[in-house]
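Shown next, in structure tokens, is the structure this report addresses.
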Amino acid sequence: MSRYDPSVIEPRWQAAWEAAGAFTARRDPLKPKYYVLEMFPYPSGRIHMGHVRNYTMGDVVARYKSASGFSVLHPMGWDAFGMPAENAAMERGGHPKDWTYGNIADMKAQMKPLGLSIDWSRELATCDPEYYGQQQAMFIDMMEAGLVYRKAAVVNWDPVDMTVLANEQVIDGKGWRSGAAVERRELVQWFFKISDYSEELLGALDGLTNWPEKVRLMQANWIGKSRGLQFAFETVGAPAGFEALEVYTTRPDTLMGASFAAISPDHPLARALEGDPAVAEFVAKCRKGGTSAEEIETAEKIGYDTGIRVKHPLDPNWELPVWIANFILMDYGTGAIFGCPAHDQRDFDFATKYALPIKPVFTADGSDAALAEAFVPMKSEKVHYIRGFAGEAVQTGDEGVAAAIAHAEANGYGKGVTKFRLRDWGISRQRYWGCPIPVVHCPTCGVVPEKKENLPVELPYDVSFDKPGNPLDRHPSWRDCACPKCGAPAKRETDTMDTFVDSSWYYARFTAPRATTPTVAEDADYWMNVDQYIGGIEHAILHLLYSRFFARAMHKTGHLPAKAVEPFSALFTQGMVTHEIYKTTDAAGRPVYHLPEDIIRSEGGATLKDGTKVEVIPSAKMSKSKKNVVDPMNIIASFGADTARWFVMSDSPPERDVEWTSAGAEAAFKHLSRVWSLCSRIGEMPADHKGEGDAELARATARAIDEVTKGIEGFAFNKAIASLYAFTNTIAKANASTPVMKEAIRTLAQLMSPMTPHMAEEVWSYQGGAGLCAQAPWPKADPALLVDDTVTLPIQINGKRRAEISVPKDMAAAEVEKIALANEDVVRFLAGQPVKKIIVVPGRIINVVV
RNA sequence: GCCCGAGUGGCGGAAUGGUAGACGCAGCGGAUUCAAAAUCCGUCGCCGCAAGGCAUGCGAGUUCGAGUCUCGCCUCGGGCACCA
């Protein structure tokens, strides 16, 4: 065995795996199945360290499960539609399709050297007509199932990307991709009725016990269930048709503290009043105040008194003014509220500004003093109701709310309703590079779904990107078609689908990626669900919630079995790969960032190669703009894939961020080299070498198997790797006979194989392992070797460790006590004091209390 | 503001309520070398010559025993948000 040279061994073993078809997923009735999936990448053209970490984690699980006797499905695909392709076409010319498929080829070529155990025969790209045609078929099924509808809606319009964004895609009032300030526009849009499933999507979160608690909580908050009271105020002086004003409140117990009613500037009543120039002016002012968090945060609460009044439901003689207010949202509740300044800070600020009454409903102690700020205790807290109208005078907010709803229902002025924050999913995008919505607009029949035999509705290739907007609208002939119903000339829909639709079912498609239907029952039944899904926390809400909805829709339309409505049985969200940032400033004082490879790191500082001092900024997510990126290809070229894989899995727990350091990468390489030379040394040992350490090494081997197995099972890869370091050191120092040494190093190879599969194969074959290491069964630890005959027990005196003794594992507590008290250190520390109590925890510890 | 999560050596991090700091990095000492790199061996929380003392953000509490459990604070990170 020569020097460790990954550039030689890695391609060799990759070829061997491919020749053996080692990773081809097969439905095997004799084996349990295991489906492991990492969130598929967007084909940007380059892989980054985050990909390496993500796919290595999945690969560790896949290889481990495969060795453990499972029939494993571990596929890979491309989330290939979306705007970067169009942006590239606009910026650099060329065609989105060519750009995308070119990137896929590039990225695949970069992923292959990582030696991932992926079944590439199942590869798919969402921009393949073979894929999106099936998506169109499901869209039509969902239309028939009543899960799709059109409506005119005020949408978030991204003026740069010239497209509509889902609410979920608006971040701080800006488009999530372009970063442009979002405007409001009204368009007719296609929607999925995800809100039909609000209750179910919320309730089913409880069953997702193998999901991070954090993600479940984020989804629950997003769905946002609330219980409250809806009732109508009778209006006085309102225009015709507005005799009643519906309001919704989650605090009906504060009804006696009402001091005004307020409506959103988008409320129909506000619109009806816009004939008044003063109202029109005020409403326009409200709409201008953009939606960015910064603006909202600093925006002053403003209101306009309409002069209309409403009658309090509990006292017809009590009238409240109706204001239009900028802080009332039209799309939550009914777009109208009653304000209770005493118990809501916003209402308090508003009332203070416009001199409206502030009357407490409840207080902490039953007094009725004037308030300096709103009193908003937890609903679970008990308070004294001084203007309550339902239930006990002293009760919790929750009880007060329940009593108020009961009171309203009993007296017929309102009813308890449950509302959700979750809104329907608008999927229309005015873009070219997406899945065409398969419907036709017919002058006589209206909106008609395309016939399934005409699918896929394929994107035309001959389009231009010289103007903003949707190229499909401008295409000379693509829109022209025959009405699927009456055959008359008609026009195609030009909206394409949100790319989140594409990623909402790809996991199901992987079970039968070439089928002529979206899924195949036997395949879906065998492979679903995804047993382990791995990806970034950034998809905690959107992608995962949409997928959960889509799986339900696919079940309803017959494309997935009932057991697959929660498609991801276990979810793991991995942390990012971070790196230090290196900064200098140019003559004009602007920051200049430098790539890690241009930096010379020395003790206490860093310089450029010409000696210029560089400022080192603490580790942050790798980003092109900060230039703190390490190209996986460079790492593979200098150290090999196994080193990159080993490093990203070591040190940090997988859910936490890992900092990439060149020292760490070199350390990983050094360790692999050490394993390599250890393997050589053992290979050169004479076959008849005898040593004294056989039993000891056998025990260490068993312990390593046990620890690494537990580490992988528990997603504690860093701990598995720590055990492997320790085991390597043990073997290196061991003096055992040749067969035991060989057994140990072969076991080491197997235990390392999920992380460093190429090195593992090389060691395995060199030490006479049968077949491929990748196909060898996972080693089992002999339970008898996991327990030691003697144990070392620390002895504490009053909780402080003072001595330790070594006793046989099964020694009776009384006997242990005797030995402990006779120990010379113990005697010395006790100094004759009487022992009050002695606690012996078998196999763990002894504590002497004086 | 609300909801989560986390604070352990110089650093990344280990630790079913039971010997705090596994494993790795960096550091230090040594071997090898003409020398260096590489490699190997040893050492490595802080104070102290030592005995020993002090140490898991801070302060209490529960316990024979607390990094771990409870309560109150502080700091940092993440998510949500004029959501009625």
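In what follows, chains are A, B, ... by sequence order, proteins preceding strands, each numbered from 1. Reckoned from all heavy atoms, side chains included, excluding hydrogens, waters and symmetry mates.
Between A/Phe338 and A/Phe231, the two ring planes are tilted [angle within 30° to 60°].
A cation-pi geometry, defined here as NZ or CZ lying under 6.0 Å from the six-membered ring centre and within 45° of its normal, does not hold between A/Arg3 and A/Trp676.
Taking all atoms of both residues into account, the shortest heavy-atom contact from A/Val60 to A/Pro754 is CG2-O, 3.4 Å.
Taking 4.0 angstrom as the limit, A/Lys225 places none of its side-chain polar atoms (N or O) nearer than this to OP1 or OP2 of B/rC83. Remark: A/Asn718 is in phosphate contact with B/rA14, judged by side-chain N or O atoms under 4.0 Å from OP1 or OP2. Remark: A/Asn729 is in phosphate contact with B/rG24, judged by side-chain N or O atoms under 4.0 Å from OP1 or OP2. Dashed line: the shortest gap from a side-chain N or O of A/Lys837 to OP1 or OP2 of B/rC64 is under 4.0 Å.
Aromatic ring centres of A/Phe647 and A/Phe639 lie farther apart than the 6.0 Å criterion allows.
Following rounding to the nearest Å, A/Phe647 (CZ) and B/rC23 (C1') show an atom-to-atom distance of 14 Å. To the nearest angstrom, P of B/rA22 lies 14 Å from CD of A/Glu707. Residue A/Ile405 contributes atom CD1, which lies 14 Å from atom P of B/rA84 at whole-angstrom precision.
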TODO: Could you please spell out the steps behind the side chain to side chain contact (heavy atoms under 4.5 Å, CB included) verdict for A/Arg227 and A/Lys419?
DONE: CA-CA 6 Å; A/Arg227 178 80 181 159; A/Lys419 290 215 185 274; over 6 Å; no

Task: Sequence-aligned protein contact record of nucleotides 41-61 of chain B, with B where the base is within under 4.0 Å of a protein heavy atom and S where only the sugar-phosphate is - done: -----------SSS-------

Open item on the list: If a pair means Watson-Crick or G-U wobble with both distances below 3.5 Å, what does RNA chain B look like in dot-bracket form, with | marking bases paired to a different strand?
Closed with: (((((((..(((.....[....))).(((((.......))))).(((....)))..(((((..]....))))))))))))....

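Closest contact between the side chain of A/Arg801 and the listed nucleotides B/rG18, B/rC40, B/rU19 involves B/rU19. Among the nucleotides B/rC64, B/rA14, B/rG79, the one closest to the side chain of A/Met218 is B/rG79.
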